[in-house]
Amino acid sequence: MELEPRYDPHAHEQAIYQTWLDAGCFTPPKEQPPGSKPFTVMIPPPNVTGVLHMGHALNGTIQDIVVRFRRAQGYDTLWVPGTDHAGIATQAVVEKKLYAEEGKTREDLGREAFLARVFDWKEQHGNIILEQFRRLGASCDWSRTAFTMDAELSAAVRESFLRLWKKGLIYRGARLVNWDCVLQTAVSDDEIENVERKGKLWYLKYPVAGQAGRFLTVATTRPETMLGDTGVAVHPEDERYGDLVGGHVELPFTDRKIPIVADETVDPKFGTGAVKITPGHDPADYERGQRHQLPVINILNKDGTLNDEGQQFAGASREQARKDVVAALEQLELLEKIEDIKHSVPLSDRSKSVIEPLVSEQWFVKMGELAEPAIRAVNEGKLQFRPERWKKVYLDWLEGVHDWCISRQLWWGHQIPIWYDEDDVPCGSATDLKVGDPHPETGKPIVRQDPDVLDTWASSWLWPFATLGWPNKTADLERFYPTQFLSTARDIIYLWVARMIMAGYEFADHLPEEQRCAFAVCNIHATVLDAKGKRMSKSAGNGIDPLDVIAEYGADAMRYSLIMLTREGQDVRLSENRFEEGKRFTNKIWNAARFVLMNLDKGRVAELSGAALQVEDRWILSRLAAVTDEVTDDLENYRFNDAGTTLYRFVWNDFCDWYLELAKTRQGQDDDSGAAARGVLSRVLTDTLGLLHPFTPFQTEVLWKALHEALGREAEQLLAVTAWPTAEGLERDVQAEERLNLMQDVVGAVRSVRALTGVAERKPLTAVLSTPDAATAAVLEEARAQLLGLGHLSELTIGRDLERPANSAAAVAGGLEVFVPLGEDVDTAKLKEGLTKRVEKLGKVIMSTSKKLENPGFLKNAGEDAVAEERAKLAEFETESSLLQRNLAGL
RNA sequence: GGGCCAUUAGCUCAGUUGGUUAGAGCGCCACGUUGACAUCGUGGAGGUCAGUGGUUCGAAUCCACUAUGGCCCACCA
């Protein structure tokens, strides 16, 4: 297999993915392998209408790294993919299409026909995002792809509803709900975004009843709602209005006299200190109305226009009514003044229209009891948030949780399993009632099912176990639940994460209490921002499309870059050139592998110990052992970018910069030493590919195959299912590490002399290495061949306390003087300048270090090792400084 | 109003329990290189670690306050 000199991801990615699929790599075996532990991850199901964005790409990468790592470690690993039916979003898409193409509304089609259309649409377009996850390399078990409206999940939804009903946790209430006038449905508190806007504060004068000529002025941002006023409130201790409490005002445009009441919640400093009470259209007023037994008047139709309560304004839109009411009041001289004000306005997440608080009949779930075990689980550490700070956010929400309004006035979704008899008595305690059946409690015939559907989250909160077969006690459920890891975005901690945890405790009843928590670790990933620090979003048009990135840089490069620039949960500004890093790195790996593949012994397994191993061999194997342990530890603790950094340094700075260069000195050598080098290359590449695989799965799989071909054998299996590398059999070799460090010092010293003297890089130099230490001299003597082989030097003299040759420059490294004879073209002034600068810097460092060593506190508290280290450092600095000064004097 | 996060090189970010001469990548400058890799190599310039005060022998790191930016929750007549 010929490898191209530059890695071309597009030549490989699709074929490799297909290979994985064909081999069934992502599907766990039918029977759990003996002794293995399960490791399960549930994908946060994206909306069926969704397309992949950077957040998905990041989160997909995180999950895939974890899953591939655990799979390699031998866990019985399952990653379940799927999509969410996303009630409002999907219905809106199909309605829009229907109107655009056929000019029809959903009512024109009728419920059944419309739903058929939505299912059609889902069949055709609903898998786009899952296809995109494949492009990313996600190793999901596609045979288990789930959808929140599948028959199985629908059955689970009905079962869960029935259980809640039987426990009395579901109730119907006339409540003020957040009404979306565009989508004409109730939405939950969590689907609302409050946006700061400029508005106006109108001061309306209400005539005081029975006191002609006296007015009570109220301030409001929504004058049109005055038609629904049923009272006016003032603070009980507000002296201005004390005499009015108990009296009434006459509400303009109506014949209503409404009471003036005293209420603690009124802020005397805001506006006039008097507030109109509109229980039908304001949550705070609703509460006030309840306290003072005021009637609730709804002045709006479901589409946001004024109903008959709107008097002469009936039929107008909210916006129009506002203008008309203000104009009419002005004419009656009941408008005192208008002020500019900033206030926040509730907008619907979905339609971006202004939310209207509206009294209507809705179904709710009591949350208090459900929240308790979910709070306990996190407090007791059964579930860990990463980063940990989200624990507090989660707990704060649960501790003040509101009841959950679960009914939605839509067609697309799980129709609420509640049936009514002819007297409208509801029943939710059976899952399979039909029209005509007797009502289980009243015995009267059922006449209809509730037309509303359930909130989308009422199905996705069952996701971790409903996708495994719940409520049936399936083998899958037994084997793969509870799950180990969940990674998701912070904005659904309340909507989804908290509810899944509640559902786990409430419904996973076949398990002992301690195993009911839906997952063990909840990772909240970074938010991807654009280069200006704004959140990427489709509407803002500032997003970078992951598919474009894959097209330009390759999936592996994108994965690696995303991981490297998103430290644990920390937001990140993303600009496209960040992907260069990943591309360069994948290319570096590719070329390192190419070099290795050109230098392998077919069919021969080299010993990785013994006399044939050179110091660099023992060094790189020692580094490999350290890196293997480090990366394993990082991944086990979900420190992805630490693992990525470690691998980057190892591959680039150790393996490529040093080992490959040193190995070249033995390239093609047909003896034990040459064979040893080739054996080491093979081992290091093999393990490195394994360690890198979770990050860059496509490329490492390609190289894995090429490596085995070059070795003259078939790979036993795909890298995707090969065991995770371990440091077993590799020795940490401190001596080899020290020796290599010394060699690196020498080369560093030579380079710095070159830089100082301007002697060209490849121009051969003669060097004299002088050391006071016999052991060091011996080590260097051993390394002579390698040092010369690196190409920096043409001749080398090694000895103890050698004299500085005439007309030479010197550098110091590790207590070692390196003299390099100077040619005639050397700029002595520049050399002097450089050396002086270095001496100056050393002077400063020596000063601060000796100060530290004179510090009694440091000597007392820092520990022996630290003190010894500082002493050694100081000695080194002093040696270097004096040697340099001596050399400087001789110039 | 309550809470969270950030502020380190021109840019994007590391810096694990306080103790190396504060790092990396990109960008910039100089030089080099065509048998793994120009998606390369070597060297360099560039930082009073947002500010102030405190704790400590010692603070980018811990504490308090301030400033700027971002996010979340609550309220908003």
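Computation of the quantities below employed the complete heavy-atom set of this structure, encompassing side-chain atoms and omitting hydrogens, waters and symmetry-equivalent molecules.
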Worksheet item: According to the interplanar angle, ranging from 0 to 90°, do the rings of Y648(A) and F585(A) count as parallel (below 30°), tilted (30 to 60°) or perpendicular (above 60°)?
Response: tilted
Discussion item. Roughly how many Å apart are C28(B) and U21(B), using the C1' atom of each and rounding to a whole number?
Written reply: 24 Å
Practice prompt. Ignoring backbone atoms, test whether R584(A) places a side-chain nitrogen or oxygen under 4.0 Å from the OP1 or OP2 oxygen of C26(B).
Written response: yes
Worksheet item: When you check the side-chain N and O atoms of T217(A) and K337(A), is any donor under 3.5 Å from an acceptor?
Response: no
Worksheet item: If we ignore angles and hydrogens, is there a donor and acceptor under 3.5 Å between the side chains of Q699(A) and T586(A)?
Response: no
Item to complete: Kindly confirm or rule out a cation-pi arrangement of K391(A) over F385(A), judged by NZ or CZ under 6.0 Å from the six-membered ring centre and within 45° of its axis?
Response: no
Discussion item. From C-beta outward on F858(A), which listed nucleotide comes closest to its side chain: C37(B), C57(B), G23(B)?
Written reply: C57(B)
Worksheet item: So what does R389(A) hit on the nucleic acid, given a heavy-atom distance under 4.0 Å: a base, only sugar-phosphate, or nothing?
Response: sugar-phosphate
Discussion item. Can you tell me whether the side chain of E661(A) and the base of A36(B) have a donor-acceptor pair closer than 3.5 Å?
Written reply: yes
Fill in: side-chain N/O K664(A) vs A36(B) OP1/OP2, d < 4.0 Å
yes
Discussion item. In whole Å, measure the gap between the C1' atoms of U20(B) and C63(B) for me.
Written reply: 26 Å
Worksheet entry | Closest to the R594(A) side chain, choosing from C37(B), C75(B), U21(B) | C37(B)
Worksheet item: Counting side-chain heavy atoms from C-beta on, which of G25(B), C72(B), U21(B) comes nearest to K873(A)?
Response: U21(B)
Worksheet item: Under a 3.5 Å cut-off for both distances, is C28(B) Watson-Crick or wobble paired, and to whom?
Response: G44(B)
Worksheet item: What is the nucleic acid contact for D267(A), judged by heavy atoms within less than 4.0 Å: base, sugar-phosphate only, or nothing?
Response: base
Worksheet item: Counting just side-chain N and O atoms, does R573(A) come under 4.0 Å of either OP1 or OP2 of U12(B)?
Response: yes
Worksheet item: A284(A) near the nucleic acid: base, sugar-phosphate alone, or nothing, with a heavy-atom cut-off under 4.0 Å?
Response: sugar-phosphate
Item to complete: Please work out if Y648(A) contacts a base, only the sugar-phosphate, or nothing of the nucleic acid, heavy-atom cut-off 4.0 Å.
Response: sugar-phosphate
Worksheet item: Which nucleotide, in any strand shown, forms a Watson-Crick or G-U wobble pair with C62(B), with both distances under 3.5 Å?
Response: G54(B)
Worksheet item: NZ of K391(A) versus P of C73(B): gap in Å, rounded?
Response: 21 Å
Discussion item. Any base atoms under 4.0 Å from F579(A), or only sugar-phosphate, or nothing? Heavy atoms, all strands.
Written reply: nothing
Worksheet entry | Between U12(B) (P) and Y560(A) (OH): distance, integer Å | 20 Å
Worksheet item: CD of E581(A) versus P of G25(B): gap in Å, rounded?
Response: 9 Å
Discussion item. By nearest atom, which of the nucleotides C40(B), G3(B), U21(B) is closest to the W652(A) side chain?
Written reply: C40(B)
Worksheet item: If only atom types and distance count, is the side chain of D263(A) paired as donor or acceptor with the main-chain N or O of T265(A) below 3.5 Å?
Response: yes
Discussion item. Any base atoms under 4.0 Å from V572(A), or only sugar-phosphate, or nothing? Heavy atoms, all strands.
Written reply: sugar-phosphate
Worksheet entry | Phosphate OP1/OP2 of C57(B): any K852(A) side-chain N/O under 4.0 Å | no
Item to complete: Establish, with yes or no, whether the OP1 or OP2 oxygen of G41(B) is under 4.0 angstrom from a side-chain nitrogen or oxygen of K588(A).
Response: yes
Discussion item. Tell me whether K664(A) forms a cation-pi arrangement with F595(A), defined as NZ or CZ under 6.0 Å from the six-membered ring centre and within 45 degrees of its axis.
Written reply: yes
Worksheet entry | C71(B) and A30(B), which share atom name P, separated by this distance in whole Å | 42 Å
Worksheet item: For atom P, what is the distance between G54(B) and C13(B), given to the nearest Å?
Response: 33 Å
Worksheet item: For K269(A) and G1(B), what is the distance between atoms NZ and P respectively, to the nearest whole Å?
Response: 13 Å
Item to complete: Return the set of residues passing side chain to side chain donor-acceptor pair (under 3.5 Å) with D238(A) (not counting sequence neighbours), or none when no residue passes.
Response: R240(A)
Discussion item. Tell me whether the side-chain N/O atoms of R6(A) come closer than 4.0 Å to OP1 or OP2 in U39(B).
Written reply: yes
Worksheet item: For G69(B), which nucleotide in any strand shown is its Watson-Crick or wobble partner with both distances under 3.5 Å?
Response: C5(B)
Worksheet item: P9(A) versus D556(A): any side-chain heavy-atom pair under 4.5 Å?
Response: no
Discussion item. Just checking Q744(A): does its CD atom have more than 12 heavy atoms from other residues, nucleotides or ligands closer to it than 6.0 angstrom?
Written reply: yes
Worksheet item: Phosphate oxygens OP1/OP2 of C71(B): is one of them under 4.0 Å from a side-chain N or O of R490(A)?
Response: no
Worksheet item: If only side-chain N and O atoms of W397(A) are considered, is one of them under 4.0 Å from the OP1 or OP2 phosphate oxygen of G2(B)?
Response: no
Discussion item. Once you apply a heavy-atom cut-off of 4.0 Å, does L660(A) come out as touching a base, just sugar-phosphate, or nothing?
Written reply: base
Discussion item. Applying a 4.0 Å non-hydrogen cut-off, can you work out what A592(A) is touching in the nucleic acid: base, sugar-phosphate, or nothing?
Written reply: base
Discussion item. Once hydrogens and angles are ignored, does a donor-acceptor distance under 3.5 Å link the base of U21(B) to the side chain of K841(A)?
Written reply: yes
Name the pairs: protein N/O against N/O of nucleotides 43-46 of chain B, kept only if under 3.5 Å.
none

Worksheet entry | E581(A) versus Y560(A), side-chain donor and acceptor atoms under 3.5 Å | no
Worksheet entry | For U17(B), the Watson-Crick or wobble partner whose two distances fall under 3.5 Å | none
Fill in: D282(A) CG to C75(B) P, straight-line distance once rounded to whole Å
10 Å
Item to complete: With P as the reference atom in both, quote the distance from U56(B) to C72(B) in angstrom, rounded to an integer.
Response: 40 Å
